[in-house]
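Labels below follow one simple rule: chain letters A, B, ... track the order of the sequence lines, proteins then strands, and each chain is numbered from 1.
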There are 2 protein chains.
Amino acid sequence: MEKKKNISMAVIKRLPKYYRYLSDLLKNDVDRISSKELGEKIGFTASQIRQDLNCFGDFGQQGYGYNVRELHAQISNILGIHKKYKSIIVGAGNIGQALANYSNFRDLGVEAVGIFDANPKLIGMKIRDIEIRDIDEFPEYVKNNCVDIGIICVPSRNAQTVCDELTACGIKAIWNFAPIDLTTPDDVVVENVHLSESLLTLVYLANQKHQ
Amino acid sequence: MEKKKNISMAVIKRLPKYYRYLSDLLKNDVDRISSKELGEKIGFTASQIRQDLNCFGDFGQQGYGYNVRELHAQISNILGIHKKYKSIIVGAGNIGQALANYSNFRDLGVEAVGIFDANPKLIGMKIRDIEIRDIDEFPEYVKNNCVDIGIICVPSRNAQTVCDELTACGIKAIWNFAPIDLTTPDDVVVENVHLSESLLTLVYLANQKHQ
DNA sequence: TAGATTGTTAATCGATTAACAATC
DNA sequence: TAGATTGTTAATCGATTAACAATC
């Protein structure tokens with residue numbers, strides 16, 4: 001992370017994709033790759049790849065390209081995958097439970113350490129090795145356990161309240177699965193997963209193709 | 001849908017958001033709204049909203065603004081929410097089951113009519129009123145049941161194969177939850193939900209804010 | 001050395017914002 | 001009629017692509 005001007009959101013959104021393709025190359029024991037080859041794989045122009053990477057540093061070598069292992073390490077660093085993060089899931093419905101069970105996030109350094117719900121029928125139930133607790137307990141839990149990320153999986157009518165409580169106890173990163181736009185203090189980042197919007201986009205595009 | 005040049009993806013991705021905010025307004029019995037007011041709610045400029053809407057038609061009235069009920073109906077039409085769609089879910093793991101249970105998509109006209117998995121322990125199990133079937137049966141099922149949308153929730157190593165089978169039996173719209181980029185014929189549309197990429201974006205942004 | 005490929009500047013393209021005449 | 005707000009054109013801004021000197 002040598003350079004660092006103002007990275008545009010367009011670039012940031014492509015970083016995880018670079019990380020994924022480089023992880024694949026690494027797994028396949030590829031040593032080096034040029035922006036041209038990588039571009040053909042991902043479906044970007046070589047030019048764009050070089051522009052993107054040069055926002056963060058000079059990782060390549062003229063006449064050679066990029067060393068896969070090194071570039072992968074650099075992007076891991078840029079994304080912050082070298083660190084470990086604790087998350088809690090608020091809302092143990094379908095999506096909350098699915099996320100708690102989904103193990104892949106641990107590879108990205110993010111571990112779910114707590115799950116909370118308001119439904120007495122769910123409280124006490126275990127998902128993997130984590131017990132679902134009463135939703136009222138999460139502020140206390142966050143204070144005692146250095147939680148980095150709050151994952152909101154409650155219905156939209158409760159989402160803003162949960163969000164406010166999460167930020168009140170110091171959480172600075174929120175992954176929001178509720179279909180609303182949350183309001184947060186300036187120093188808090190929110191990443192939305194709006195499944196309904198994604199599905200509507202698909203439906204629109206499908207209708208266009210088929211006239 | 002009067003006009004219709006080449007709608008940019010940027011505009012298309014905003015349509016579901018317009019739909020959501022207009023649904024809210026409708027629910028709150030708001031009769032009319034100006035691009036200025038709507039912009040303040042959503043966080044867009046008034047100019048952008050007028051530009052976006054004018055890709056599809058002249059829905060407003062000078063001096064008045066937009067009639068909420070009418071604009072909502074128009075956007076429903078543009079998105080294709082007036083029609084009904086049948087979907088099948090391939091892969092009944094955490095995410096597949098969560099999507100099958102999640103009822104909200106029915107409001108958007110999309111109904112899950114079948115779920116399939118390769119795991120014998122899951123086959124026969126019921127989610128809501130739908131029985132999980134053997135994954136080998138889905139091509140036959142698609143042919144007999146006018147399925148519009150294939151939802152891929154299998155592990156990434158199987159995702160391309162499932163995708164090929166879905167397109168082979170005529171599916172033109174794929175909602176992909178596997179963390180890979182699928183290859184499809186030109187007349188098939190794919191919408192990806194890449195949760196890992198979303199989470200990595202959040203982690204990156206959180207690290208930037210906190211230096 | 002010759003070939004390959006980078007980092008970076010310049011050119012192009014597209015998307016957003018501003019401005020304003022038209023008009024309800 | 002006067003005020004408000006649209007639809008649309010023009011101006012600006014930002015992102016992508018192309019080009020090429022630098023250099024491994």
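- Comparing atom distances between the A:R14 side chain and each of C:dA15, C:dA22, D:dT16 picks out D:dT16 as nearest.
- Distance from the side chain of A:Q51 is smallest for C:dA10 among the nucleotides C:dG7, D:dA15, C:dA10.
- Of the options B:Q48, B:Q51, B:R50, B:E40, a side chain to side chain donor-acceptor pair (under 3.5 Å) to B:S35 is made by B:R50 and by none of the others.
- Taking only side-chain atoms of B:Q61, from C-beta outward, the nucleotide of D:dG7, C:dT8, C:dC24 with the closest atom is C:dC24.
- Between the C1' atom of D:dG7 and the CG atom of B:N54 lies a distance of 5 Å, rounded to the nearest Å.
- If you check distances only, the side chain of A:S47 does reach the base of D:dA18 with a donor-acceptor pair under 3.5 Å.
- Distances shown here put every side-chain N or O of A:S8 at or beyond 4.0 Å from the OP1 or OP2 atom of D:dG14.
- Taking the six-membered ring for Trp and thresholds of 30 and 60 degrees, B:F105 and B:W175 have ring planes more than 60 degrees apart, a perpendicular arrangement.
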Would you sketch DNA chain C in dot-bracket for me? Only Watson-Crick or G-U wobble pairs with both distances under 3.5 Å count, crossing pairs as [ ], other-strand pairs as |, the rest as dots. ..||||||||||||||||||||||

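- In this structure, NZ of B:K13 is placed 19 Å from C1' of C:dT16, rounded to the nearest angstrom.
- When only modelled atom types and interatomic distance are considered, A:D31 and A:Y66 share no side-chain donor-acceptor pair under 3.5 Å.
- Relative orientation of the A:Y141 and A:F116 rings is perpendicular, given thresholds of 30° and 60° on the angle between their planes.
- In this structure, A:Y18 has its ring center at least 6.0 angstrom away from the ring center of A:Y21.
- For A:R50, counting side-chain heavy atoms from C-beta on, the closest listed nucleotide (D:dG7, D:dC20, C:dT9) is D:dC20.
- Rounding to whole angstrom units, CG of residue B:D58 and P of C:dC24 are separated by 11 Å.
- Across D:dT17, C:dT16, D:dT23, the shortest atom-to-atom separation from the side chain of B:Q48 is found for C:dT16.
- Of the two residues near DNA chain D, A:G63 and A:M9, the one whose nearest nucleotide lies more 5' is A:M9.
- With DNA chain D read from its 5' end, the first of the two nearest nucleotides for A:A10 and B:A46 is the one closest to B:A46.
- The side chain of B:Y66 approaches D:dG7 more closely than any other nucleotide in the set C:dT5, C:dT6, D:dG7.
- If you check C:dG7, D:dT6, C:dT6 against the side chain of A:S35, the one that comes closest is C:dT6.
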